[in-house]
Amino acid sequence: MKKLLLLLAIPALLILGGCTKLASKPEVVTTFEPMYEFTKAIVGDKVKVENIVPASQEVHEFEPSAKQVATMTNAQALIYNSADLEKWALKVKNDGVKIEASKDVDKIQGDPHTWISPKQAIVEVNTIAEALGKAFPDDKATFEKNAANYVAKLKKLDAEFDTLKDAKQKTFITQHEAFAYLARDYGMNEIAIAGLDPEVEPTAATLAKLKGEMEKAGLKNVYFEGNANSKIAETLAKSVGANLIGINTVEGISDAQKKEGATYLTLMEENLKALQQTIK
Ligand SMILES: [Zn+2]
């Protein structure tokens, strides 16, 4: 009897094995952390989502492996932020739909950092939800409901950032030019040490000019990202005797931050507190 049961169990196991393999294939692929979080908030457990850039890795310098290109090609939907950032996602000829999350954002020429403004994050979540609703019509209603819940959280964040508009000191110095949308949307003025690409280091002349601007404006803080490119921000802060304050571009989340439960929403709350230190 035992043998018979075992024999009966084998085809069942094979079938189960086959199903598991199918179900584990991602239906939706996202490029990097904020795109993954926005998408997961919309789809919940309805479809399988896979993210390409490891959270702890720098998105600006990322290049996908051949295996990752295949994963993107086979996806029913590929979600990326903008043509100015994940150029490798643009090149993928995927079988399904390709969604540019920032397509409805009022763009600053050549600047991909749209997600760092909660106002633009709202636009992006709505764009992703609408496109996914078309790609997965059976789940459209669920996606809309989930997106509305997440947008409500973003609206709360947006209202909190709106308080920055009342600040006396509106200028802040950052490590790389990632906060232009945030500055535009909340009446602030960003001075960046490095450009849109954090790997491109500023010249000595640029640093000297920044030092002069800081002294003139009475700026006492430099915002740094605490990563491999932070050295230049540290050098500038030291040279003018300014404080270093951490800020997060949410281009990735370190393993340590992940362990503490960090998400786009919690990191943006921390960014708000960090900015309030300069403007109060
Ligand atoms: Zn950046």
Side-chain angles (χ1 to χ4, degrees), residues 30-39 51-64 79-90 100-103 105-121 123-124 157 161 171-186 188-203 206-207 210 221-237 244-254 257-258 262-272 274-275 278:
T30 58
T31 50
F32 75 118
E33 187 65 27
M35 296 304 103
Y36 178 73
E37 286 193 27
F38 295 170
T39 302
N51 195 39
I52 294 293
V53 184
S56 57
Q57 212 171 313
E58 168 62 54
V59 63
H60 286 281
E61 305 307 311
F62 181 81
E63 282 297 333
I79 298 162
Y80 66 101
N81 186 70
S82 87
D84 293 314
L85 188 66
E86 310 102 308
K87 294 188 175 83
W88 40 269
L90 266 191
E100 183 178 44
S102 69
K103 78 175 174 66
V105 171
D106 179 13
K107 293 268 179 63
I108 297 169
Q109 180 73 30
D111 188 341
H113 299 92
T114 48
W115 67 91
I116 304 175
S117 164
K119 273 197 205 327
Q120 307 314 327
V123 174
E124 298 203 350
L157 192 66
F161 269 87
T171 300
F172 63 110
I173 298 221
T174 59
Q175 180 181 320
H176 94 277
E177 202 179 339
F179 297 87
Y181 288 93
L182 190 143
R184 179 192 71 183
D185 291 347
Y186 302 100
M188 306 276 289
N189 172 36
E190 178 194 28
I191 297 177
I193 305 170
L196 291 167
D197 183 339
E199 292 282 311
V200 182
E201 285 193 12
T203 61
T206 306
L207 275 180
L210 280 171
N221 304 300
V222 171
Y223 289 95
F224 81 117
E225 294 161 25
N227 56 25
N229 303 316
S230 286
K231 224 181 186 127
I232 209 82
E234 289 164 27
T235 307
L236 177 68
L244 277 167
I245 301 178
I247 200 159
N248 200 301
T249 60
V250 207
E251 284 168 4
I253 296 182
S254 71
Q257 286 170 322
K258 266 256 153 96
T263 62
Y264 172 85
L265 293 170
T266 67
L267 292 171
M268 288 304 292
E269 289 282 359
E270 282 174 29
N271 282 346
L272 177 64
L275 285 170
T278 272

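Given the structure is predicted, the values throughout are model-derived calculations rather than measurements. Below, all heavy atoms of this structure are taken into account, side chains as well, without hydrogens, waters or symmetry copies. Note that ligands are numbered from 1 as they come in the structure, with each ligand's atoms numbered from 1 the same way.
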Taking the side chain as every heavy atom from C-beta outward, state whether F38 and Y264 have any pair of such atoms under 4.5 Å apart. yes
Is it true that the side chains of Q120 and D185 contain a donor and an acceptor less than 3.5 Å apart? yes
Only one of K119, E269, M268 passes side-chain contact (heavy atoms from CB on, under 4.5 Å) with F161; say which it is. M268
Could you pull out the N/O/S protein atoms under 2.8 Å of the Zn ion (ligand 1), ignoring any water? H60 NE2, H113 NE2, H176 NE2, E251 OE2
Exercise: identify the closest heavy-atom pair between G246 and A274: O-CB, 3.5 Å
Report the residues that fulfil salt bridge (charged side-chain N to carboxylate O under 4.0 Å, His left out) with E33, sequence neighbours left out, ordered by chain and then residue number. K258
As an exercise, state the distance from CD1 of I52 to CZ of F32, rounded to the nearest 0.5 Å. 13.0 Å
